[in-house]
J.: 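Structure in structure tokens, see below.
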Number of protein chains: 2
Amino acid sequence: MRARDENKILAIREKTMALIVSEGLDGFSMNKLAKAAGISPATLYIYYKDKEDLIVQTCIQASLEMMSESLKGFDPTMSFAEGLALQWFNRAKYFTQHQNEVEFVEKIRYSNLYEKPRQIITQHFRETLGPFVQNAIARKELMPLPFEVYWSIAFAPLYQLIKFHTQTRSYHNEKFELSDDIMKQTLALVLKALKPS
Amino acid sequence: MRARDENKILAIREKTMALIVSEGLDGFSMNKLAKAAGISPATLYIYYKDKEDLIVQTCIQASLEMMSESLKGFDPTMSFAEGLALQWFNRAKYFTQHQNEVEFVEKIRYSNLYEKPRQIITQHFRETLGPFVQNAIARKELMPLPFEVYWSIAFAPLYQLIKFHTQTRSYHNEKFELSDDIMKQTLALVLKALKPS
DNA sequence: TTTATAAATGAACGTTCATTCACTTATCTT
DNA sequence: AAGATAAGTGAATGAACGTTCATTTATAAA
């Protein structure tokens, strides 16, 4: 028996994300990937069933890693403000340090390959964030809201900030850096919106 | 001289959007499009320089239409709450009536073809929304905020609601309908966040 | 050292791709 | 009615695509 070369797998994953980010999903091909990763195209089919499987698996793995990083130090019994801030800053940190992974996942998110990743990610979030939200409501730190309203207010602004940051030029045609100040200011508004009155 | 057949152009546009929504950007091809629109592939090159041009132009046109619909009845001297509500409901109405167009633009938005559409759309928004925001701040109806913070709070939640609506199944594994109630509830939170204290 | 086994390969497969070209067709101008 | 012009076409192009296959290579077990 010959052992699998772990470096090859890592190279495949990294180059898959890099190529899809730089050339787009439609510009991505198995032969290009093989060349970029320094392996034969046939090798790809040892690790993955086909092209779709390769992209979907890579997306799932990157998403899970992103989620687990964003929950570092998180505990569902935390106060709402504390728990939400922790998630915001963990995510922002991950985004700045793993821009390729994030942009890759964003591209897949809006393709027709995201159904499976979505199911997996959604379930994980439900399991970890459900109790947190329930606790916060019970403690009257958070208004009871339909999930989609809650999510739209609590996280959509963060993702929008990141999208601004990812795009090279913002509204004012100037480079927009995702600073701590901007994050804190936006988060404060979100908390204000969600606080029971 | 022979006149251009306007129906052909409309068919090309409609089928471009329908095909990209249903089969994804990577599953889209000029030959498929020609067959779907009932014309010869060569005809596509009378109207568009190449495949990229076809997608980009279609995206720009759809985006401008969407924007102009969302600004129907809008006036930059409106009160902030009134103007924002008008835009939210115009957009929601357009989304439900033109789901294909919206999903198409969302797909292009996250591809590598969006640079040009983005510039055009961003400029239009700046021109129409800039004065509105300045007026609102002058009247103390809106906190003065960096643009990216303002946008992240004012519109990102709406787009998130629409994404939930577009996806077949939401967090709770149930079909999520974008109801007036949900919209109003979310908008109220947004206004609460943005109101000067 | 030998043997078994799965990793790994380069070249090749048939298919589909974007695009072109020689040609026909429809309609406006005269 | 004739001529001019651009719309519109079906078939064909070479290139690139995803995938397979016969073969070689490395290594764990004997």
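In this text, all values refer to a predicted model and were calculated from it rather than measured experimentally. Chain identifiers are assigned alphabetically (A, B, ...) following the order of the sequence lines, protein sequences preceding nucleic acid strands; residue numbering begins at 1 within each chain.
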J.: Side chain to side chain contact (heavy atoms under 4.5 Å, CB included), that's the test. Do A/Ile46 and A/Arg4 meet it? Break it down for me.
T.: CA-CA 10 Å; A/Ile46 296 172; A/Arg4 287 190 177 194; 4.3 Å; yes

J.: Using nucleotides 24-26 of chain D, report all nitrogen or oxygen pairs with the protein that are shorter than 3.5 Å.
T.:
residue, atom, partner, partner atom, Å
D/dT25, O2, A/Arg2, NH1, 2.9

J.: Rounding to a whole Å, what distance do you find between A/Asp5:CG and C/dT9:C1'?
T.: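 Whole-Å distance recorded here is 14 Å.
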
J.: Can you sort out the partners of B/Lys72 under side chain to side chain contact (heavy atoms under 4.5 Å, CB included), two or more places apart, ordered by chain and number?
T.: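 In terms of side chain to side chain contact (heavy atoms under 4.5 Å, CB included), with neighbours along the sequence ignored, B/Lys72 is linked to B/Glu69, B/Asn90.
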
J.: Given atom NZ of B/Lys51 and atom P of C/dT16, what is their separation to the nearest angstrom?
T.: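 Interatomic distance, NZ of B/Lys51 to P of C/dT16: 15 Å.
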
J.: Any side-chain N or O of A/Lys8 under 4.0 Å from OP1/OP2 of C/dA8?
T.: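 Affirmative; the distance criterion is met.
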
J.: Just how far, in rounded Å, is C1' of D/dA28 from CZ of A/Arg4?
T.: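 Going from CZ in A/Arg4 over to C1' in D/dA28 covers 16 Å.
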
J.: Send over the distance from A/Asp50 CG to D/dC17 C1', rounded to a whole Å.
T.: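 In whole Å, D/dC17 C1' and A/Asp50 CG are 14 Å from each other.
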
J.: Just how far, in rounded Å, is C1' of D/dT19 from CG of A/Asp53?
T.: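 It is 14 Å, rounded to the nearest whole Å.
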
J.: Test of understanding: with side chain to side chain contact (heavy atoms under 4.5 Å, CB included), list the residues that count as partners of B/Ser29, not counting sequence neighbours.
T.: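 By the side chain to side chain contact (heavy atoms under 4.5 Å, CB included) rule, B/Ser29 matches B/Asn31, B/Lys32.
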
J.: Would B/Trp151 and B/Tyr159 count as a ring-ring contact (aromatic ring centres under 6.0 Å, His included) here? Give the steps.
T.: CA-CA 11 Å; B/Trp151 186 273; B/Tyr159 280 93; 7.0 Å; no

J.: Can you name the salt bridge (Lys or Arg N to Asp or Glu O under 4.0 Å) partners of A/Lys93, sequence neighbours left out?
T.: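 None.
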
J.: Sequence neighbours left out, what passes ring-ring contact (aromatic ring centres under 6.0 Å, His included) with B/Tyr94? Give chain and number order.
T.: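 Counting only residues at least two positions away or on another chain, B/Tyr94 forms a ring-ring contact (aromatic ring centres under 6.0 Å, His included) with B/His98.
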
J.: May I have all residue pairs that pass ring-ring contact (aromatic ring centres under 6.0 Å, His included) and include part of residues 18-42 of chain A, sequence neighbours excluded?
T.: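 Passing the test, one end in residues 18-42 of chain A: no pairs.
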
J.: For B/Arg13, which residues count as a side chain to side chain donor-acceptor pair (under 3.5 Å) partner, sequence neighbours excluded?
T.: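 Applying side chain to side chain donor-acceptor pair (under 3.5 Å) to B/Arg13 gives B/Gln61.
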
J.: Looking at residues at least two apart in the chain, or sitting in another chain, which of them share a salt bridge (Lys or Arg N to Asp or Glu O under 4.0 Å) with A/Lys15?
T.: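 Partners of A/Lys15 under the salt bridge (Lys or Arg N to Asp or Glu O under 4.0 Å) test: none.
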
J.: Return each pair, listed once, that meets salt bridge (charged side-chain N to carboxylate O under 4.0 Å, His left out) where at least one residue sits in residues 99-113 of chain A; pairs must be two or more places apart or across chains.
T.: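 Those involving residues 99-113 of chain A are A/Glu106-A/Arg109.
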
J.: Would you mind listing every ring-ring contact (aromatic ring centres under 6.0 Å, His included) that reaches into residues 49-87 of chain A, with sequence neighbours excluded?
T.: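 Matches after skipping sequence neighbours: A/Phe74-A/Phe132, A/Phe80-A/Phe132.
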
J.: Take the C1' atoms of the five end pairs on each side of the helix from C/dT1-D/dA30 to C/dT30-D/dA1, get both axes, and report the angle to 10 degrees.
T.: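 Result, rounded to 10 degrees: 20°.
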
J.: Kindly state which residues belonging to residues 16-47 of chain A come within less than 4.0 angstrom of DNA chain C, counting heavy atoms of the residue only, listed by number.
T.: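 Correct list: A/Ile39, A/Ser40, A/Ala42, A/Thr43, A/Ile46, A/Tyr47.
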
